Amino acid sequence: MRHGHTLFKTLCIALLLLAHAIAVFGAEDFSACPQFFLNRTPPAIAKRPTDRALCYDSFAILYSGESKTPVFVAERLNRASIADAGEKRTDKFFADARLRSAERATLDDYKGSGFDRGHMAPAADMPNPTAMAQSFSLANIVPQAREHNRGVWAKQVEAATRKYASRAAGDVYVITGPVYWPSIAESPSIGPGRIRVPKYLFKLVYDQQQNRAWAHWHENSDATKASPPISYNDLVKRTQVNFFPNTSPVR
DNA sequence: CGGCGGGCAATG
DNA sequence: CATTGCCCGCCG
């Protein structure tokens with residue numbers, strides 16, 4: 001009797017710990033890190049079987065075990081977070097142990113591929129050493145054309161977004177991600193793990209104070225030049241993702 | 001031009 | 001493993 005009671009208590013504690021672990025790591029959804037999403041509401045998207053929600057200190061990832069890249073990465077930037085940014089880069093990329101080995105990218109996949117390991121949530125956005133280190137998870141990375149990554153994307157897109165957030169009155173919600181050919185399976189890939197190479201990259205920026213949104217849309221190519229942002233509605237049409245449910249931003 | 005952000009690769 | 005040097009594009 002006494003023994004049974006103790007066993008029951010132990011089981012209860014184990015279940016609570018498990019539930020807590022799932023919440024912390026966001027294994028099933030983004031309930032552990034809603035703060036990175038406008039109105040604490042993640043994009044409305046039909047999840048594929050290998051998609052996984054991952055929470056980090058300063059960003060959240062919906063990760064695809066099919067493409068072995070993010071589906072999207074969400075951040076919330078503001079004047080304070082940008083003021084804290086500027087950590088020294090660690091450059092320690094790593095295969096993310098939170099993902100099943102069959103569904104994660106490895107360092108080998110990118111090595112010698114000819115593509116840069118391009119951040120979706122940029123390292124330079126990160127406000128502290130932990131977040132900086134986490135940003136080098138390959139779950140936050142896509143194969144990106146070298147000169148695109150270091151040139152127009154780094155300056156006209158990433159740095160420009162930081163600059164905007166540093167001057168914004170309130171929070172700026174940013175969602176960055178890859179776009180593939182109509183079928184991921186037909187998309188080119190790198191490495192033994194067949195990491196898919198995006199056809200396009202987008203970065204959606206939303207200023208909550210002004211209810212304004214715009215999106216950078218770039219072909220993942222060394223030849224890509226700076227281009228004016230597209231509208232929120234155009235991005236929704238091109239990606240078929242309702243990024244901001246129940247919100248209608250203006251341009 | 002130097003500095004910065006984003007990388008790669010060779011070396012100990 | 002960490003360090004170092006190098007490259008690139010862009011900005012002021």
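On a predicted model such as this, the values are computed, not experimentally measured, just so you know. FYI, side chains are in, hydrogens and waters are out, and symmetry mates aren't considered; it's all heavy atoms of this structure.
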Legend entry - Contact pattern, 5' to 3', of nucleotides 2-12 of chain C - B, S or - by protein heavy atom under 4.0 Å: S----BBBSS-

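In summary, the side chains of A/Ser231 and A/Asn233 do not present any donor paired with an acceptor at a separation below 3.5 Å, with no hydrogens or angles considered. A/Thr106 and A/Asp109 are linked by a side-chain donor-acceptor pair at a separation below 3.5 angstrom, with hydrogens and angles left out of the test. A side-chain donor-acceptor contact under 3.5 Å links A/Asn211 and A/Tyr206.
When DNA chain B is scanned in the 5' to 3' direction for atoms under 4.0 Å from non-hydrogen atoms of chain A, the outermost contacting nucleotides are B/dC4 to B/dC8.
No side-chain heavy atom of A/Ser64 sits under 4.5 Å from any side-chain heavy atom of A/Arg48.
Screening A/Arg162, A/Lys163, A/Arg76, A/Arg89 against A/Asp125 for a salt bridge (charged side-chain N to carboxylate O under 4.0 Å, His left out) leaves a single residue, A/Arg162. Remark: of the listed residues A/Pro143, A/Ser189, A/Pro188, A/Pro143 is the sole one forming a side chain to side chain contact (heavy atoms under 4.5 Å, CB included) with A/Ile195.
A cation-pi arrangement is absent between A/Arg196 and A/Tyr180 under the rule of less than 6.0 angstrom and at most 45 degrees off the ring axis. In this structure, A/Arg98 is positioned above the aromatic face of A/Tyr56, its NZ or CZ under 6.0 Å from the six-membered ring centre and within 45° of the axis.
DNA chain B is contacted by A/Phe115, A/Asp116, A/Arg117, A/Gly118, A/His119, A/Pro122, A/Ala124 of residues 113-129 of chain A, taking any non-hydrogen atom closer than 4.0 Å.
Without hydrogens or angle criteria, A/Lys68 side chain to A/Gly193 main chain gives a donor-acceptor distance under 3.5 Å.
Ring geometry for A/Phe243 against A/Phe72 counts as perpendicular: the plane angle is over 60°, on a 0 to 90° scale with 30° as the lower cut.
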